[in-house]
Peer 1: 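Just dropping this structure here.
These values consider heavy atoms only, across backbone and side chains, with no hydrogens, waters or symmetry-generated copies. Along the sequence shown, residues carry numbers from 1.
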Amino acid sequence: MFKQKVTNLLQEVLEEESSLFLISKEIKAGNKIVIVIDGDTGVTLSDCMKVSRHIEHNLDREEEDFSLEVLSSGISEGITHIRQYKKNVGRKLEVIIEDNSKVEGTLVVADDEKIKLQWKAREPKPIGKGKVTVQKEQEIPYKNIVKAKVMVTF
């Protein structure tokens, strides 16, 4: 009952704020609620407060005691949803695919089935000595992605 009420309240506020979406929701022992959200244009402190207040103000602590944390998805957590890929077009990603190979490149396309990464690589010249820089790209279906994260460069 309590878990369902939390889920319903969360759905309500996310429908109200359509640019926000759920990354994860956990209700741990002792009714410790941990909600991680992301947004198409990022997440502000105000967004976290809005979600937190909507849930907290509609639950009765007299009926059921609880604690509530609403967090924004951090860069270290990786990408798990299609909407996160779409919002990160133009950024550099590190993607691990099914065969445990790693692909690093700039995310240039993110549609509903796959992503496309582009990068530059140095390869031997077809004729003669030396190397030449070539533009590479790879399409990766979401179902083949084991892990993906945004790479921060300074």
Side-chain angles (χ1 to χ4, degrees), residues 3 6-56 67-154:
K3 289 181 181 184
V6 171
T7 301
N8 292 343
L9 290 168
L10 184 57
Q11 285 175 331
E12 284 174 14
V13 72
L14 292 178
E15 284 172 12
E16 217 174 89
E17 299 295 326
S18 61
S19 70
L20 299 176
F21 52 96
L22 181 66
I23 299 300
S24 68
K25 174 192 75 171
E26 267 188 288
I27 300 178
K28 299 177 181 179
N31 288 337
K32 179 178 175 153
I33 306 164
V34 180
I35 297 170
V36 181
I37 59 174
D38 202 348
D40 295 327
T41 57
V43 177
T44 65
L45 180 59
S46 173
D47 293 329
C48 290
M49 287 170 48
K50 192 175 293 179
V51 171
S52 177
R53 285 181 179 152
H54 183 78
I55 294 169
E56 192 167 358
S67 68
L68 174 63
E69 280 183 75
V70 178
L71 314 164
S72 63
S73 178
I75 205 156
S76 63
E77 292 174 25
I79 298 175
T80 56
H81 289 61
I82 291 173
R83 283 174 76 172
Q84 288 179 299
Y85 286 100
K86 290 180 179 181
K87 83 173 205 167
N88 282 296
V89 168
R91 297 185 78 183
K92 191 171 180 182
L93 298 186
E94 176 184 271
V95 178
I96 298 173
I97 52 180
E98 286 178 320
D99 62 1
N100 281 334
S101 62
K102 187 189 312 183
V103 182
E104 291 181 12
T106 302
L107 179 62
V108 291
V109 174
D111 61 26
D112 291 335
E113 281 92 44
K114 65 189 175 318
I115 62 170
K116 183 189 286 186
L117 296 177
Q118 284 184 345
W119 67 95
K120 292 184 178 176
R122 300 280 293 161
E123 292 185 350
K125 287 183 179 178
I127 301 172
K129 294 182 178 180
K131 292 189 176 191
V132 63
T133 301
V134 294
Q135 183 77 30
K136 300 264 201 177
E137 67 179 38
Q138 182 174 348
E139 287 187 351
I140 307 168
Y142 293 119
K143 64 182 172 116
N144 296 348
I145 297 173
V146 174
K147 185 177 179 183
K149 65 179 180 180
V150 175
M151 297 180 67
V152 180
T153 54
F154 297 99

Peer 1: More than 12 foreign heavy atoms under 6.0 Å from NZ of K149: is that the case here?
Peer 2: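 Counting other residues, nucleotides and ligands, NZ of K149 stays at 12 neighbours or fewer.
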
Peer 1: Atom CD in Q84, atom CG in D38: separation rounded to 0.5 Å?
Peer 2: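 Reported value, rounded in 0.5 Å steps: 4.5 Å.
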
Peer 1: Could you walk me through whether V34 and K28 pass side chain to side chain contact (heavy atoms under 4.5 Å, CB included), step by step?
Peer 2: CA-CA 8 Å; V34 180; K28 299 177 181 179; 4.2 Å; yes

Peer 1: Only pairs under 3.5 Å count here: list side-chain donor-acceptor contacts from residues 16-25, not counting sequence neighbours, and write none if there are none.
Peer 2:
residue, atom, partner, partner atom, Å
E17, OE2, K50, NZ, 3.3
K25, NZ, T7, OG1, 2.4

Peer 1: Is the shortest side-chain heavy-atom distance between K32 and I27 below 4.5 Å?
Peer 2: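 Result no, sub-4.5 Å side-chain heavy-atom pair not found.
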
Peer 1: If you round to the nearest 0.5 Å, how far is NZ of K136 from CG of L117?
Peer 2: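 Here the interatomic distance stands at 13.5 Å.
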
Peer 1: So which atom in G39 and which in V43 form the shortest heavy-atom distance, rounded to 0.1 Å?
Peer 2: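 Residues G39 and V43, closest heavy atoms: N-CG2, 3.4 Å.
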
Peer 1: Does any non-hydrogen side-chain atom of L9 lie less than 4.5 Å from one of E12?
Peer 2: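 Yes, at least one pair of side-chain atoms sits under 4.5 Å.
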
Peer 1: Hey, could you give me the NZ/CG distance between K86 and D111, rounded to the nearest 0.5 Å?
Peer 2: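 K86 NZ to D111 CG: 7.0 Å, rounded to 0.5 Å.
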
Peer 1: Are side-chain heavy atoms of Q138 and I97 found at a separation under 4.5 Å?
Peer 2: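 Result yes, sub-4.5 Å side-chain heavy-atom pair found.
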
Peer 1: Could you check if a side-chain atom of I33 sits within less than 4.5 angstrom of a side-chain atom of E26, using non-hydrogen atoms only?
Peer 2: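 Sidechains of E26 and I33: no contact.
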
Peer 1: Do D47 side-chain atoms and T44 backbone N/O form a donor-acceptor pair below 3.5 Å?
Peer 2: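 The answer is yes, because a donor-acceptor pair under 3.5 Å joins these two groups.
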
Peer 1: In Å, rounded to the nearest 0.5 Å, how long is the span from CG of L107 to NZ of K116?
Peer 2: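 Reported to 0.5 Å precision, the distance equals 11.0 Å.
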
Peer 1: So do S72 and V36 actually touch side chain to side chain, heavy atoms under 4.5 Å?
Peer 2: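 Of all side-chain heavy-atom pairs linking S72 with V36, none is under 4.5 Å.
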
Peer 1: How long is the straight-line distance from CD of E94 back to CE of M151, given to the nearest 0.5 Å?
Peer 2: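 So the gap between those two atoms works out to 5.5 Å.
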
Peer 1: Give every residue pair that meets the ring-ring contact (aromatic ring centres under 6.0 Å, His included) criterion with at least one member in residues 104-150, sequence neighbours excluded.
Peer 2: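 Counting only pairs at least two positions apart or across chains, the ring-ring contact (aromatic ring centres under 6.0 Å, His included) contacts touching residues 104-150 are Y85-Y142.
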
Peer 1: Rounded to the nearest 0.5 Å, how far does CD1 of I115 lie from CD1 of I79?
Peer 2: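 With rounding to 0.5 Å, CD1 (I79) is 7.5 Å from CD1 (I115).
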
Peer 1: Quick one: which of E123, R122, K120 gives a side chain to side chain donor-acceptor pair (under 3.5 Å) with T133?
Peer 2: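 The passing option is R122.
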
Peer 1: Heavy-atom distance under 4.5 Å between the side chains of L71 and I35, does that happen here?
Peer 2: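 No, side chains not in contact.
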
Peer 1: With a 4.5 Å cut-off on side-chain heavy atoms, are K102 and E104 touching?
Peer 2: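 Result yes, sub-4.5 Å side-chain heavy-atom pair found.
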
Peer 1: At their closest point, which heavy atom of S52 faces which heavy atom of L68, and how far apart are they?
Peer 2: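 Taking S52 first and L68 second, the nearest heavy atoms are O-CD2, 3.5 Å.
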
Peer 1: Might you point out which heavy atoms bring A148 and V95 nearest each other, and give the distance in Å?
Peer 2: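 Smallest interatomic distance, heavy atoms only, reads CB-CG2, 4.1 Å.
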
